[in-house]
Amino acid sequence: MDAIRTEALTKHYTVGFWRPRPYVALDGLTLQVQTGEVFGFLGPNGAGKTTTLKLLMQLIFPTSGRADILGKPAGDIDVKRRIGYLPENPYFYDYLTAQELLEYFASLFGYSPAERRTRASRLLDEVGIGAERRLQLRKFSKGMLQRVGIAQALINEPEVVFLDEPMSGLDPIGRREIREMILRLRDRGCTVFFSSHVLADAETLCSRVAIMAKGRLVTAGALSDMLAFQVRGWELVVSGLTDAVLAAAKARGDVMRVTMVGPARHALDLPLDPPPEKTLAALIAQGACLVSLTPIRDTLEDFFVQQVSGAGGSRFRESA
Amino acid sequence: MKVIGLVAVNVFKESVRDKVLYSIVAFAVMLMSTTYLIGQLTAGQDIKIIKDLGLASISIFGLLIAIFIGIGLVWKEVEKRSIYTLLPKPMRRQEFLLGKYFGLVLTLVINIAVMTAAFYLVLALMRLLEPGIDAVSAAPATDAAMLKAIALVVVELMLVTAIALFFSTFSSPFLSALLTAGLWVAGHFNSDLRNFGAVVASPTLAQLTRAMYYVLPNFSAFDVKSQVVHAQAVPASYVALTCAYGLTYIALVLVGAAAIFARRDFK
């Protein structure tokens, strides 16, 4: 069973007072997220990431299409008991303390008063604000509110957790702690669906990603497939080559660039064609020793920029 | 039901810690205390003046709390985005809305109880300072019948809160306050609408005003302050019937608010 499944999920808003036109915030999103995976939902600002999350949380309703979580329609009370959600830039009640807020949210899941206290305390310690538990939330900084937001999303030990820009407002240490927490959640079997601008986080954490642009899904799949597909050459490090052999290889077009990386050691950039095995065999025959051979791949950032820059089209629909 | 209670307790907790509310109640209590001085200026009528001002203070300050906190109940949650973390928790939108309503009603009832206690304290002090005061008035200074007027004020304010909440589910706080206050004023002149048909020539206009009489909340029915101050009887059956009318109206307004809120997009 998929943890999350959307079918042609679409959301239009009407904009304009004198000439109202439908604005397509999300256009026919079809997506499956498997149980237990960390899924990155990527895209530039205004790509439709937050709209999708709000549709999944039923904070807004779809114009058409459907969204299921854990096999049931999004918004079902039973589903709500089994999920956690961190909105983008979360904000809470000014006059409650962090401990009170978490206990309040725990009470909505039906936990006993003792259980509420234990869960709230444990999670506040886990997100690193245990010492501030008795402070009213209006005195919290943005980063501290983000940590409270993450704690409240985990109060019910959810099976699926939705995180909208979880690293937002956090310092480098905070980012690392949250990355570690996401990995712990994955190890526990929890499905993590998170939206982010920070591609490095997605590269470190996700097994699969979806890239959105202008309200449309551009591509989705395993990160390893996406980036392996984009191998654009090889880096060969060899030792024991003479300048004459290198010059001849360059002249034949087998080597694109040569960089000296140590005494009698060179890094060679090889094209995709001819295959690296052939060039390597020729160089070994002329006295070279292999140190390493590594594919040169596009980074997720390169891939992302390539995909997103290709997405065009207006997001306004002409009304009939 | 449990979720409604939990949300209501949270609204109450937030309200209690909000200093604005303290200021309103403190000001009302202070005003009631000064009525003693105002009463001194009107020879022979002082106890009636104090009762009039005291009951009016409870009503007006209660109204301020009902409108200004009522219109912000949903708006604040949406504007500050705290609703984004709350609604995905295991609750229905209607439960959230009713929890908000009952939380404010709880706050309102406790505030009115504090103002009522202060009011009776002022009257009891007057009785102590001027022992013959009951003899010049038709009703004793600490007349328990005033509680009937206060009970009706509570139901009236519960209705105002429901109306404020209804408007706040789809409009801005300014517009909600304007519409709620407008309905409150119109509701106090409701009986005039019924009689309007007798003085206009157009039957259409007469029917329209009659329809408005039935649709608009009849707030004047809740006002028995003048009767209790002048020691006129207010039958228990009248109080019960008016409360039943108020509660039915509240139920209808809340059903309307819940229906709108259930389909609202929180962009």
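Sequence lines set the chain letters: A, B, ... in the order given, protein chains first and strands last, and positions in each chain run from 1. What you see below is based on every heavy atom in this structure, not just the backbone, and it leaves out hydrogens, waters and symmetry mates.
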Under a 3.5 Å cutoff, is there a donor and acceptor pairing between the side chains of [X] and [Y]?
X      : Y      : result
B/S176 : B/S171 : yes
B/K80  : A/Y93  : no
A/Q136 : A/R138 : yes

Tell me if the aromatic rings of B/F261 and B/F266 count as close, with their centers under 6.0 Å from one another. yes
Determine the option with the most heavy-atom pairs under 4.5 angstrom with chain B, choosing from [options].
options                     : answer
A/F61, A/F92, A/Y13         : A/F61
A/I83, A/D94, A/T51         : A/D94
A/K54, A/Q58, A/M57, A/R82  : A/K54
A/I60, A/T50, A/N156, A/N89 : A/I60

Using non-hydrogen atoms only, which part of [X] is less than 4.5 Å away from chain A: side chain, backbone, both, or neither?
X      : value
B/R264 : backbone
B/K76  : neither
B/K13  : side chain
B/V9   : neither

Looking only at B/L86, B/L87, B/N10, the option with the highest number of non-hydrogen pairs under 4.5 Å against chain A is B/N10
Carefully, step by step, assess A/K49 and A/E88 under the rule salt bridge (charged side-chain N to carboxylate O under 4.0 Å, His left out). CA-CA 10 Å; A/K49 304 187 299 291; A/E88 189 178 7; over 6 Å; no
Residue among A/Y85, A/F41, A/F193 satisfying ring-ring contact (aromatic ring centres under 6.0 Å, His included) with A/F162: A/F193
Output yes when A/E157 and A/R122 qualify as a salt bridge under the 4.0 Å nitrogen-oxygen rule, no when they do not.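 Salt bridge between A/E157 and A/R122, a charged N being under 4.0 Å from a carboxylate O: yes.
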